[in-house]
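Before any comments, here is the structure.
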Amino acid sequence: MNIKNIQNITKVYGEQTKVSKGAKSQGVSPTQRPDEVILSSHAQEVSQHLRAIKNMPEVRDAKVQEFSDKIATGQYKVDSRELAERIIAYSKNERCY
């Protein structure tokens with residue numbers, strides 16, 4: 001490996017070191033001012049909704065129990081035509097519910 005103009009590289013490095021030392025001696029520190037994030041009101045609202053969704057239970061026990069009872073007693077009826085229409089609409093990527 002052949003490096004040419006090594007003097008120029010060391011000169012640039014030396015100047016950079018002087019600048020950073022000068023900034024420290026003047027009381028300016030790159031860590032003096034902490035980073036901050038400011039969210040828009042819309043982003044804050046979305047964040048609240050996401051937290052609410054995460055806190056919701058995955059399974060609605062009351063609904064599960066309701067349908068279990070209907071199935072057990074034979075009261076749960078499925079409209080086959082409506083089911084077929086929804087399956088076709090879903091396969092066409094259309095939402096009909």
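Source: prediction; values computed, not measured.
Inspection of the Gln65 and Asp69 side chains reveals an N or O donor paired with an N or O acceptor under 3.5 Å.
The CG atom of Leu50 sits 11.0 Å away from atom CD of Glu45, with the distance rounded to the nearest 0.5 Å. Interatomic distance, His49 NE2 to Ser47 OG, rounded to the nearest 0.5 Å: 10.0 Å.
At a threshold of 4.5 Å between side-chain heavy atoms, the hydrophobic network of Ile, Leu, Val, Met, Phe, Trp and Tyr places Ile53 and Val46 in two separate groups. Using a 4.5 Å cut-off between side-chain heavy atoms of Ile, Leu, Val, Met, Phe, Trp and Tyr, with links allowed through other members, Val64 and Val78 fall into different hydrophobic clusters.
For the pair Leu39/Val37, a side-chain contact is recorded, criterion being any heavy-atom separation below 4.5 Å from C-beta on. Residues Gln44 and Ser40 form no side-chain contact, since every pair of their non-hydrogen atoms from C-beta on lies 4.5 Å or further apart. Lys92 places a side-chain heavy atom less than 4.5 Å from the side chain of Ile88.
Salt-bridge check for Glu85 with Arg81: failed, with every basic side-chain N at 4.0 Å or more from each acidic carboxylate O.
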